[in-house]
Amino acid sequence: MDSNKPKVMIAVPTMGSINTLLVAVIARWIADAFNGGKYNLSFYPTSCVSPVDRAREEIVDVFLDSDCTHLFWIDSDTVPKFEALETLLSHDADIVSGLTPIIIYDEERKDSDSNGFKKKWNCVGRDEKHLTPNTGVKKIMGAGGSCLMVKRRVYEALDRPCYKFTYKDDNGKDANISEDIYFCLMARSKGFEPICDTSVTAAHYKGIFWDL
């Protein structure tokens, strides 16, 4: 193992199953690492740990106990392209995300062919609008944790837990948010600037395959 290469831990919070196509991508990454790729690699999936904030905290514990330099979060139903790992690493950013489509329900579309469901992308820019693919590298307010690369020094700087479902709003009241957005808020409060490379897109499997 080349100690001069970044060592990436691929982390998959899972309730016990991982999309088959994601397994194939991870297998290619592992093969690439063993055959002289630009990174060293380890892999850690949780097993039936819930809710997801607990699973993420377990992964952070394992990561900080390792000698890995980067933590690459991928949700178990998300399938990034093979190039995603190297592309995100190339930015040398503290926090860098790809884009994953997420499903939302729109009452006004309930009689459409999609039965009311539509997709949007999981990163929000500084203008508070959801980003779209192939629009450059953007600073972001927050991102889902489905395809997210984080440097070790971020977790070393944050108070624990790094992931929670509540956040104190400007009035000091508890606000319900997702655990990955909580992480982004905590990281930004410590001076870290998350970015998104909108050329990196991942498919999302939710009963149907939400691709580009």
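One is the number of the first residue; the rest follow in order along the sequence.
Panel note: side chain S90, backbone T87; a donor-acceptor pair is recorded below 3.5 Å. Side chain of H204 to backbone of T100: no donor-acceptor contact under 3.5 angstrom is found. Judged purely by atom type and a 3.5 angstrom limit, T69 has no side-chain atom pairing as donor or acceptor with the backbone of P6. Formation of a donor-acceptor pair under 3.5 Å by the S50 side chain with backbone atoms of V52 is not found in this model. Proximity of a side-chain donor or acceptor of S199 to a complementary backbone N or O of N134 within less than 3.5 Å is not detected. Proximity of a side-chain donor or acceptor of S97 to a complementary backbone N or O of L148 within less than 3.5 Å is not detected. The backbone N or O of C68 lies less than 3.5 Å from a partner atom in the side chain of R152, making a donor-acceptor pair. Put simply, the side chain of H130 gets close to the backbone of W121: a donor and an acceptor are under 3.5 Å apart.
Tracing side-chain contacts under 4.5 Å through hydrophobic residues (I, L, V, M, F, W, Y), one reaches V60 starting from V62; they form part of the same cluster. There is no path of hydrophobic side-chain contacts, each under 4.5 Å, that joins M15 to V12.
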Residue pair Y182, D53: steps toward the side-chain contact (heavy atoms from CB on, under 4.5 Å) verdict: CA-CA 10 Å; Y182 177 90; D53 59 337; over 6 Å; no
F183 vs E179, side-chain contact (heavy atoms from CB on, under 4.5 Å): CA-CA, chis, key distance, verdict: CA-CA 6 Å; F183 162 74; E179 86 293 341; over 6 Å; no
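For E128, the CD atom sits in a loose shell: 12 or fewer heavy atoms of surrounding residues, nucleotides or ligands are nearer than 6.0 Å.
A distance of 4.5 Å separates CZ of R160 from CD of E57, quoted to the nearest 0.5 Å.
A salt bridge links R56 with D75: the closest approach of a Lys/Arg side-chain nitrogen to an acidic carboxylate oxygen falls below 4.0 angstrom. Salt-bridge annotation for K38 and D32: absent, with no side-chain N of the basic residue lying under 4.0 Å from a carboxylate O of the acidic one.
Under the 6.0 Å cut-off for aromatic ring centres, F63 and F72 do not qualify, their centroids lying 6.0 Å or more apart.
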